[in-house]
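Counting from 1, the numbers follow the sequence of the chain as shown. Atoms within a ligand are numbered from 1 in the order they appear, just like the ligands themselves.
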Amino acid sequence: MAPAPPLLVVISGPSGVGKDAAIAELKKLALPWHFAVTATTRPPRPGEQDGVDYRFLDADTFHKMRERDQFLECAEVYGRWYGVPRSQVREAFQAGKDVILKIDVQGAETVRQLAPEALFIFIVPASFAELAHRLGRRDTETPEEADMRLQVAREELSQVSRYDYRVVNREDCLQQAVEEIEAIIVAEKCRVVPRVVQLFY
Ligand code: 5GP
């Protein structure tokens, strides 16, 4: 039997829901998945590494790439630009690897238009109050930025019906969320009729 074709997996969820923590745990599983390194014009946070967490670009370089159509999708999120370099998806697909994209709901909508056969997973908090609490506790944003992210989160949470799967990341239950994401991807690889993603890079 031919191996299942590579999957394009989109993981979204509101800011503060724990997407980065979940992805860090998924990376440890050492499965043949490529975690796309997306580009951003936002400055690195303490501990973030260029080329690992993001490609940190100045606005000029980012927009030159945009003009050259080097992004599969790009969007302005919280006043900064983010984009998925086409090369990130192309090279992984050519190597037969599933690609995981951690992008916001606008980016997910663009990918849905380009590749309806992609797999869409949305991470939600157990409650809005829990999300507000987590965002308030982070020291990576100013109180104004945290407020803006919370307002956007309300809107984003209303988009969950556009996704194939919803995973709840409960406070102190990260491992369960990670296991659920792994289970979803593994099950999708066992489909009798696989998702075949056709992309024009
Ligand atoms: P953060 O600044 O907290 O790392 O990310 C802010 C938001 O941007 C998150 O929702 C993250 O998923 C999203 N994001 C990261 N990379 C991309 C991308 O390439 N495209 C889009 N549309 N969103 C992205």
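Side-chain N or O atoms of E145 include one that pairs as donor or acceptor with a backbone N or O of T142 at under 3.5 Å.
In this structure, R45 counts as a contact residue of ligand 1, since one of its heavy atoms falls inside 4.0 Å of the ligand. Residue contacts with ligand 1 leave out Q106, since none of its heavy atoms falls under 4.0 Å from the ligand. Residue contacts with ligand 1 include G83, since one or more of its heavy atoms lies under 4.0 Å from the ligand.
A cation-pi geometry, defined here as NZ or CZ lying under 6.0 Å from the six-membered ring centre and within 45° of its normal, holds between R112 and F120. For the pair R86 and F71, the cation-pi criterion (under 6.0 Å, within 45° of the ring axis) is not fulfilled.
Shortest contact from atom 5 (O) of ligand 1 to any protein heavy atom: Y54 OH, 3.3 Å.
Selection from D104, I103, T140 by nearest heavy atom to atom 22 (N) of ligand 1 gives D104.
Remark: E67 does not engage K64 in a salt bridge, criterion side-chain N to carboxylate O under 4.0 Å.
Pairing each heavy atom of F56 with each of D50, the nearest pair is N-OD1, 2.8 Å.
Within ligand 1, the atoms closer than 4.0 Å to a non-hydrogen atom of G107 are 22 (N), numbered from 1 in the order shown. For ligand 1, the atoms sitting less than 4.0 Å from at least one non-hydrogen atom of A75 are 22 (N), numbered in the order shown with element in parentheses. Shown in contact with R42 at under 4.0 Å from a heavy atom are these atoms of ligand 1, numbered in order with element: 1 (P), 2 (O), 4 (O). Heavy-atom proximity to K19, at under 4.0 Å, picks out these atoms of ligand 1: 9 (C), 10 (O), 12 (O).
Backbone and side-chain nitrogen or oxygen atoms of R149 are examined, and one is located within less than 3.5 angstrom of a nitrogen or oxygen of ligand 1. No N or O atom of S15 sits closer than 3.5 Å to an N or O atom of ligand 1. Here's the thing with T38: one of its N/O atoms is less than 3.5 angstrom from an N/O atom of ligand 1.
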